[in-house]
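A short write-up of the structure that comes next.
Quick note on labels: first sequence line is chain A, next is B, and so on, each numbered from 1.
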Amino acid sequence: EAGVAQSPRYKIIEKRQSVAFWCNPISGHATLYWYQQILGQGPKLLIQFQNNGVVDDSQLPKDRFSAERLKGVDSTLKIQPAKLEDSAVYLCASSLGLEQFFGPGTRLTVL
Amino acid sequence: EDQVTQSPEALRLQEGESSSLNCSYTVSGLRGLFWYRQDPGKGPEFLFTLYSAGEEKEKERLKATLTKKESFLHITAPKPEDSATYLCAVQENSGYALNFGKGTSLLVTP
């Protein structure tokens with residue numbers, strides 16, 4: 001069974017630029033999550049989707065972050081404009097039950 | 001105040017030297033406690049889910065246990081390939097988000 005796919009794996013941008021990350025969950029998983037993991041910390045939830053709908057986006061900085069999940073499958077997370085403190089690994093996870101399965105992440109460096 | 005606290009932050013073991021990692025948590029209602037392993041440059045890999053106090057689960061050299069306030073990940077006779085960061089996360093009854101601790105970085109030397 002294929003795991004969660006993410007791209008790109010690495011991205012380097014200047015502050016104030018925009019960036020987008022893509023995630024393809026495990027086939028059949030209705031729930032999709034985006035987490036932010038800063039170096040030395042555990043992942044922190046940004047947004048949770050159930051099919052097409054947003055379940056929890058309480059910790060998403062909505063002035064600069066946006067996410068969508070079209071057709072209940074793939075998802076895109078966007079940052080515009082990026083700040084230095086957005087440097088982190090962005091992890092996508094999906095679940096069918098309670099257990100969440102993570103992709104390899106996208107490492108973002110903001111200069 | 002952190003909901004999930006892991007200790008120690010880092011642990012160095014000799015191959016074959018058994019030890020335990022601790023995860024203390026404070027939640028109003030626990031849906032589940034999860035253990036993940038994370039290798040450098042990779043996403044967290046699911047290990048165990050524990051649902052209620054007294055529950056235990058095992059996988060190879062790893063055994064996870066749960067009480068009402070903490071969980072332990074026991075590593076028996078570790079090998080160098082067990083070197084990784086071990087993350088603990090809790091899921092409350094009010095939602096499905098995982099609230100992670102900062103992890104324990106384990107290094108097993110030959």
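- The closest side-chain donor-acceptor pair between B/S105 and B/Y86, if any, does not fall under 3.5 angstrom.
- With a 4.5 angstrom heavy-atom cutoff, B/Y51 touches chain A only via side-chain atoms.
- Interface residue B/F34: only side-chain heavy atoms are found under 4.5 Å from chain A.
- Between the side chains of B/N22 and B/E70, a donor-acceptor pair is found at a separation under 3.5 Å.
- The contact between B/L87 and chain A is made entirely by side chain atoms (from C-beta outward), counting heavy-atom distances below 4.5 Å.
- Between B/Q38 and B/T85, the side chains place no donor N or O within less than 3.5 Å of an acceptor N or O (distance only, hydrogens not considered).
- Residue with the most contacts toward chain B among A/Q100, A/Q48, A/Q59: A/Q100 (heavy-atom pairs, distance under 4.5 Å).
- Note on A/D74 versus A/R69: no salt bridge recorded, every NZ/NE/NH1/NH2 to OD/OE distance being 4.0 Å or above.
- The residue among A/G42, A/C92, A/P104, A/P43 with the most heavy atom pairs within less than 4.5 Å of chain B is A/P43.
- Side-chain contact annotation: B/H74 with B/S20, donor-acceptor N/O pair under 3.5 Å present.
- Side-chain contact between A/Y90 and A/L46 is present, with heavy atoms from C-beta onward closer than 4.5 Å.
- Contact of A/Q37 with chain B is made through the side chain alone, with heavy-atom distances under 4.5 Å.
- Between chain B and the options A/V4, A/T31, A/L98, A/L45, the largest number of non-hydrogen pairs under 4.5 Å is found for A/L98.
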